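Note sheet for the following structure.
Each residue takes its place number in the sequence, starting with 1. Remember, predicted model here, so these are calculated numbers, not experimental data. Values below: all heavy atoms of this structure, side chains included; hydrogens, waters and symmetry mates excluded.
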Amino acid sequence: MTAPRIASLLRNALWRAVCGVSGGLTVTGRWGVSGGCVVVANHCSHADTAVLLAALPAGARPVFAAAADYWFDVPVRRFVASSLIGVLPVRRSGADTYAQLLAAARPALEAGRTVVVYPEGTRSTDGTVGEFRSGALRLARDCGVPVVPVALLGTADVLPKGAGFISPAPMRVHIGEPVDPDGASAAQLRQQVVALRDGERPRPRELALAA
């Protein structure tokens, strides 16, 4: 077993345990991707990343495109980002932001890994899903991989933006069907995430991670 696969298994086990003692996690939907893909999800809490690490299969070996200036500016966050999460650092400023994302994510996608992008670009403070930027969709098109919409619920109750403490509460993840990026738009991906969040789909089998 390779080092990335071992690291992914350990991260999955770690964050499943963390979610279990933080209010519990319920995952709905079937993971229908066997190779590289781009996951797009709504974003309202730092707990979102922990929940996705717990909810996505370890075999997907997820990594997260995230702001280099935030995650790598102090040693503690740098350790969490590199060792406990798996962050692909991307600069948020400058004219070449997408080029930075492509350069960071393409090797992971070519290796069959899942790259998670939060297309809103920042965490929501009021629970609404903001407009999606086009970078995730462009990335999927340029790398020839599908996009998987995912909706996250309850994470802002556990760790609101700006809070320095955790308040245990139930969390949920709804995994959608893979989307061909060539026939999609950023607005359509946003609509799919909103629909998943609001329950506008059949309820498949559920996997509960007990509290």
Side-chain angles (χ1 to χ4, degrees), residues 8 10-33 37-58 60 62-67 70-71 77 80-81 84-87 114-133 136 147-179 189-211:
S8 184
L10 293 174
R11 287 169 181 158
N12 180 259
L14 167 66
W15 293 111
R16 283 171 66 99
V18 170
C19 289
V21 299
S22 300
L25 173 62
T26 299
V27 182
T28 64
R30 184 181 65 87
W31 184 253
V33 182
C37 70
V38 175
V39 162
V40 294
N42 58 303
H43 193 28
C44 56
S45 170
H46 280 323
D48 296 337
T49 298
V51 163
L52 284 170
L53 283 164
L56 298 179
V63 288
F64 294 76
Y70 177 85
W71 284 104
R77 282 201 292 261
V80 171
L84 302 183
I85 296 176
V87 166
T114 294
V115 173
V116 179
V117 179
Y118 298 117
E120 294 165 273
T122 189
R123 287 168 288 162
S124 172
T125 58
D126 60 5
T128 61
V129 180
E131 296 302 314
F132 277 17
R133 300 178 182 180
V147 182
V148 180
V150 173
L152 310 175
L153 297 92
T155 53
D157 296 328
V158 173
L159 187 62
K161 184 175 181 178
F165 57 89
I166 293 175
S167 299
M171 296 172 286
R172 287 172 287 160
V173 173
H174 300 320
I175 299 173
E177 296 295 325
V179 174
L189 289 176
R190 177 186 176 278
Q191 289 172 355
Q192 292 204 26
V193 170
V194 171
L196 287 167
R197 185 197 62 176
D198 294 344
E200 297 173 12
R201 67 189 187 93
R203 300 285 290 183
R205 65 176 181 83
E206 295 192 356
L207 167 66
L209 306 185

**Report entry** Partner of Ile85 under side chain to side chain contact (heavy atoms under 4.5 Å, CB included), chosen from Val80, Leu52, Val116
**Finding:**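 Single side chain to side chain contact (heavy atoms under 4.5 Å, CB included) partner of Ile85 among Val80, Leu52, Val116: Val80.
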Query raised in the report: Taking Val51 as the fixed residue, which of Arg172, Met171, Arg16 is the one that meets the side chain to side chain contact (heavy atoms under 4.5 Å, CB included) rule?
Result: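 Only one of Arg172, Met171, Arg16 forms a side chain to side chain contact (heavy atoms under 4.5 Å, CB included) with Val51, namely Met171.
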Counterpart residues, side chain to side chain donor-acceptor pair (under 3.5 Å), relative to [X] (two or more places apart):
X: Thr125; result: none
X: Arg190; result: none
X: Ser22; result: none

Report task. Would you please test Leu189 and Val147 for side chain to side chain contact (heavy atoms under 4.5 Å, CB included) and show each step? Result -> CA-CA 9 Å; Leu189 289 176; Val147 182; 4.0 Å; yes
Where is the tightest heavy-atom contact between [X] and [Y], given as atom of each residue plus distance?
X: Leu153; Y: Arg197; value: CD2-O, 3.4 Å
X: Asn12; Y: Leu56; value: ND2-O, 3.2 Å
X: Ala169; Y: Val158; value: O-CG2, 3.5 Å
X: Val193; Y: Val40; value: CG2-O, 4.0 Å
X: Pro149; Y: Leu196; value: O-CD1, 3.5 Å
X: Leu152; Y: Asn42; value: N-OD1, 2.8 Å

Query raised in the report: Less than 4.5 Å apart, any side-chain heavy atom of Val173 and any of Val150?
Result: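 Touching, per the 4.5 Å side-chain cut-off.
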Query raised in the report: Are any non-hydrogen side-chain atoms of Thr114 and Val63 less than 4.5 angstrom apart?
Result: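 With C-beta onward as the side chain, the pair stays apart.
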Report task. Please assess His46 against Arg123 for the test side chain to side chain contact (heavy atoms under 4.5 Å, CB included), listing each intermediate value before the final yes or no. Result -> CA-CA 8 Å; His46 280 323; Arg123 287 168 288 162; 3.4 Å; yes
Residues forming a side chain to side chain contact (heavy atoms under 4.5 Å, CB included) with [X], sequence neighbours excluded:
X: Ser167; answer: Phe165
X: Pro170; answer: none
X: Ala13; answer: none
X: Ser8; answer: Ala58, Arg61, Pro62

Are any side-chain N or O atoms of [X] and backbone N or O atoms of [Y], one a donor and one an acceptor, separated by less than 3.5 Å?
X: Trp15; Y: Ala17; value: no
X: Glu120; Y: Phe132; value: no
X: Ser45; Y: Ala47; value: yes

Requested in this report: State, without any angle test, whether Asp157 and Thr155 hold a side-chain donor-acceptor pair at a distance under 3.5 Å.
Outcome: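 No donor-acceptor contact under 3.5 Å links the two side chains.
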Query raised in the report: Val148 and Ile175: side chain to side chain contact (heavy atoms under 4.5 Å, CB included), yes or no, with the steps?
Result: CA-CA 7 Å; Val148 180; Ile175 299 173; 4.1 Å; yes
Query raised in the report: Which residues satisfy the ring pair (Phe, Tyr, Trp, His ring centres under 6.0 Å) test with Tyr118, sequence neighbours excluded?
Result: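 Ring pair (Phe, Tyr, Trp, His ring centres under 6.0 Å) check on Tyr118 returns His43.
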